[in-house]
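Okay, structure first, notes after.
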Amino acid sequence: MQLTDPITILSGVGPKTAAALADLKITTIKSLLFYFPFRYDDLKSRPLAELVDQEKALFKGTVISPPVISRFGPHKIRLSVRLLIDQVAVIVSFFNQPWLKDKFEPDEEVAVYGKWNLTKKSVVGMKVITAATKNELDPIYSVNKNIRQKKLVSLIQEAYDQYHDLLPDVIPTTVRSHYRLLNDQELVRQMHFPKNQTESLQARRSAIFREFFLFELQIESLRVQNHNSDTGLQLNYDLGALKEFIQTLPFELTAAQKRVVNEICADLKDAHHMNRLLQGDVGSGKTVVAAIAMFAAVTAGFQAALMVPTEILAEQHYQKLTKLFAPLHVRVSLLTGSLKTAARNQVLTEVATGRTNIIIGTQALIQTGITYKNLGFAVIDEQHRFGVNQRRALREKGPNPDILAMTATPIPRTLAITTYGEMDISTIDELPAGRRPIQTSWLKINQANEAFAFTQRQLAAGDQAFVVAPLVSESDQVSLKNAEDLYQRLQKYFGSQTSVALLHGQMPTAEKEATMAAFTQGKIRVLVATTVVEVGVDVPEANVMIIYNADRFGLATLHQLRGRVGRGQRQAFCFLIADPQNEVAVKRMEIMTQTNDGFVLAEADLKLRGQGDIFGDKQSGIPEFRLGDPVANNNILLTARLEVQAIFKEDPKLTQTTHYELAQYLQQQQAADNFD
Ligand code: ADP
Ligand code: MG
C-alpha cells in the first residue's frame with residue numbers, strides 16, 4: 001500500500017468515476033487526500049432569535065404536520081413542511097426535491113440546513129442533515145456533474161481510513177512546532193472532517209503554510225542548483241568590441257540600462273549558470289540591453305537566441321537587430337511557425353552549422369526538430385507569456401546556456417522575491433530622457449467622436465494612431481466583427497486622404513507582416529488592431545492610442561497597450577473609451593488616467609484583485625495557488641520562504657535525515673514535471 005496507489009484501488013471506483021476524478025486532477029490516493037473543500041457549511045444549531053435575515057444555518061425541530069407538495073409553473077415543485085423550532089412554528093420549503101418527503105415523519109426530530117427568512121419566519125431548505133453527519137461543519141468540495149459531493153466524501157473517508165498512517169510529515173518538525181502547525185495526518189483529517197470552527201481554521205492555516213513552503217522549496221532548490229553548478233558556461237566576451245558596439249548606438253544608454261548591462265555581463269563571464277529576470281516598464285529599453293548581451297555572447301564564440309510570444313514581435317526584433325548588427329558581421333536569422341519549408345530548412349541548417357550567430361523567433365525556437373551548434377545565451381522576451389516548461393525547453397537547446405528573461409509586467413517587490421525567487425533580478429527603473437508621461441483620458445462610448453476628432457488633428461501634425469478593439473480570443477468571431485465595423489467606421493471618418501488599416505490575428509502571416517511594415521514606415525497612419533499589438537510593438541511615431549471598450553481589459557493589459565505609444569520625443573495621448581458596468585472597472589479606468597507608472601499599477605492591480613477583480617490574471621505573472629492567496633496571505637508566504645532558505649543554507653543538498661521527506665518531495669515533483 002502506497003499513497004501513490006491509483007484511485008481505482010478504492011471500492012466503487014470504476015472507469016467512469018475514475019475519469020470524473022481525473023477531471024478534478026485526482027488520480028492517486030494522495031491527490032484525493034489533498035483535494036480539500038473550498039468551504040464548509042456551519043452545522044451548529046443556533047437559537048432562532050440570533051439569526052439575521054438570509055443567514056444560512058442548521059434548523060433542528062420536530063415535524064408538526066406531514067409535508068405538502070405543490071406545483072407551480074411548468075417545472076417547479078415545492079415541498080413544504082411545518083417544524084416546531086424553539087417553540088416557534090416554522091415553514092420549511094424545498095424546491096424541486098420532492099423525494100425528500102420521506103424524510104419528514106410527524107413527531108420525529110429532524111435537522112435541516114437552509115436559509116432563514118426573518119420577516120416571514122420561514123426557511124428555504126437546502127439539505128436534510130442525517131444523524132450520520134456528526135461534525136459541526138459540512139465540507140463542500142468543488143465537483144463536476146459526473147461525481148457527487150456525497151460520493152467524493154465517502155471516497156475521501158475510505159482513503160483516509162486506510163491510508164492516513166502512511167502520510168509522511170513533509171515539513172520538518174522544528175518548523176512545524178515553531179509555528180504550531182499540524183502534521184500532515186492531522187492536517188488532512190481536520191481539513192476534511194473538522195469537528196468545529198477552531199479545527200477548521202487551524203487546518204487551513206497549516207495547509208496554506210504547507211502549500212507555500214513546498215512552492216518555495218522548489219523555487220529555492222532551483223536557485224541553489226543554479227548557483228552551485230559549476231556546469232554553467234563561462235562566456236569570455238570581447239570587452240573592447242562590446243564597448244565599441246555601445247558607442248555606435250543612436251542614443252546614450254540610461255544609467256539604469258548601463259547598470260543592468262553590467263549585472264548581466266558579470267553573470268555571462270561567471271562560471272555559474274545565469275538565470276536572471278530583467279524587469280523594466282514598457283518603453284524602458286529592454287531590447288537594446290538584450291542586444292548588447294547577445295552580442296557579448298557572440299564575441300565569446302557562442303550563438304544567442306531571442307524567443308518572443310508573437311510573430312509580429314519576432315519580425316520587428318528581426319528587422320531592428322539585423323540593421324543594428326549588419327556592420328558587425330553578426331548574422332541574424334528569423335524562425336517562426338509560418339516559414340515555408342524551404343526557407344525553414346535553410347534556417348535550420350544555418351543554425352545547426354553555426355552560420356547563424358543570433359536567432360530570433362517564436363516558440364518555433366524550442367521545437368524538437370531544431371538543433372543549435374552552440375547556444376550559449378538565450379533571451380526570453382515578455383517572459384510571463386511563457387510557461388516554465390517552455391523556458392526549460394529553451395535552456396535544454398544548448399550546453400546549459402545562460403538565460404535572461406525579460407518582462408514589462410512588474411511584480412510588486414513583496415511578491416517578486418517569493419515568486420521569482422529562483423531568478424536573480426535586474427531592474428531598469430528609469431525611462432530614456434525626454435519621455436513625457438502619456439496623457440490619458442477616459443471617455444464614454446457616446447463621446448468616442450471627441451477622441452477621433454482629436455486624433456485627426458494629431459494626424460495632421462504627423463502622428464500615427466493605434467485603435468485597439470478587444471477580442472476575447474483570437475478565434476472570437478463576434479468581436480472580430482466589431483473590430484471590422486470599427487475599421488469601416490474610421491475609414492469613413494478620416495476620409496480617403498488618410499490610410500487606415502486593420503490588423504488581427506486571423507489574417508495570413510504575410511498580410512500581417514505587410515500591414516505592420518507599412519505602419520512602421522508611416523505609410524499607414526491609423527492602425528485598427530486587436531490585441532495582437534499588445535506586447536512589444538515599437539513604432540516611435542505612433543503617439544495616439546485609442547482603446548475601445550477599455551473596461552474589458554485588465555490593468556496589466558491596458559498598461560501594455562498604452563505602452564505602444566510615447567516612445568518618441570513628442571507628447572503621446574491615450575483614450576480609454578468605455579462604459580464600465582461595475583465599480584471595480586470604473587476604478588481601473590480612473591487609475592489609468594492617474595498614473596503611468598507600471599509598479600503603481602501593479603500594486604493597484606493586486607488591490608483590485610483583493611476586491612474580487614480577477615481580470616488579466618494570466619498577465620499579472622503571479623502563480624496560482626490552490627489554498628493560499630499570495631497577496632492576502634503574504635506574511636505566511638514570506639515566513640515559509642525564510643524557513644526554506646534557512647534549511648538550504650544549513651543543508652544545501654538536503655542530505656540530513658530531518659530533511660529526507662523534503663528531498664523525496666522534490667524528487668517526485670521533478671519526476672512528475674508539474675512544477676508551475
Ligand atoms: P521595452 O522595454 O518596452 O521593450 P524597447 O526596447 O522597445 O522597450 O525600447 C523602447 C524605445 O526606446 C525604442 O524605440 C528604443 O529604440 C528606444 N530606446 C531604448 N533605449 C534608449 C535610450 N537609452 N535613449 C533613447 N531611446 C532609447
Ligand atoms: Mg519589449
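Whatever order the structure lists them in is the order used to number ligands and atoms, beginning at 1.
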Practice prompt. Give a yes or no on whether the ring-centroid distance for F245 and F325 is below 6.0 angstrom.
Written response: yes
Worksheet, complete the sentence: Closest to atom 16 (O) of ligand 1 among protein heavy atoms sits F251 CE2, 3.5 Å
Response to the item:
A student checking ligand 1 against T254 at a 4.0 Å heavy-atom cut-off should list atoms 23 (N)
Worksheet item: According to the interplanar angle, ranging from 0 to 90°, do the rings of F452 and F494 count as parallel (below 30°), tilted (30 to 60°) or perpendicular (above 60°)?
Response: perpendicular
Worksheet item: Tell me: protein heavy atom nearest atom 20 (N) of ligand 1, and distance?
Response: Q257 NE2, 3.0 Å
Worksheet item: Can you name the one residue among F454, F466, W442 that meets ring pair (Phe, Tyr, Trp, His ring centres under 6.0 Å) with F575?
Response: F454
Worksheet entry | N/O separation below 3.5 Å, K320 to ligand 1 | no
Discussion item. I'd like to know if Q560 contacts ligand 1, where contact means a heavy-atom distance under 4.0 Å to any ligand atom.
Written reply: no
Worksheet item: Counting each atom of ligand 1 from 1 as listed, which ones have a heavy atom of E252 under 4.0 Å away?
Response: 22 (C), 23 (N), 24 (N)
Discussion item. So, regarding G283 and ligand 1 (criterion: nitrogen or oxygen to nitrogen or oxygen, under 3.5 Å), is there a contact or not?
Written reply: yes
Item to complete: Determine, using heavy atoms of M406 and all atoms of ligand 1, whether some pair is separated by less than 4.0 Å.
Response: no
Worksheet item: So, E350 and Q346: side-chain donor and acceptor under 3.5 Å apart, yes or no?
Response: yes
Item to complete: Check E382 against ligand 1 and report side chain, backbone, both or neither, counting heavy atoms closer than 4.0 Å.
Response: neither
Item to complete: Examine V288 against ligand 1 and note whether any of their N/O atoms are separated by less than 3.5 Å.
Response: no
Worksheet, complete the sentence: Ranked by distance from atom 14 (O) of ligand 1, the top protein heavy atom is D538 OD2, 2.8 Å
Fill in: Subset of ligand 1 atoms that lie under 4.0 Å from at least one heavy atom of V282
3 (O)
Practice prompt. Indicate yes or no: does R435 engage E430 in a salt bridge with an N to O separation below 4.0 Å.
Written response: no
Worksheet item: Of all the non-hydrogen atoms in the protein, which one sits nearest to atom 10 (C) of ligand 1, and at what distance?
Response: R567 NH1, 3.1 Å
Worksheet item: Do R276 and S426 have a side chain donor and acceptor closer than 3.5 Å?
Response: yes
Practice prompt. Kindly check if the number of other-residue, nucleotide or ligand heavy atoms within 6.0 Å of NZ (K523) is above 12?
Written response: no
Worksheet entry | Identity and separation of the nearest protein heavy atom to atom 6 (O) of ligand 1 | T287 OG1, 2.7 Å
Worksheet entry | L253 neighbourhood, listing ligand 1 atoms whose heavy-atom distance to it stays under 4.0 Å | 23 (N)
Fill in: Atoms of ligand 1, numbered as shown, that sit under 4.0 Å from any heavy atom of G285
1 (P), 2 (O), 5 (P), 6 (O), 8 (O), 9 (O), 19 (C)
Item to complete: Assess S284 for proximity to ligand 1: is some non-hydrogen atom of it under 4.0 Å away?
Response: yes
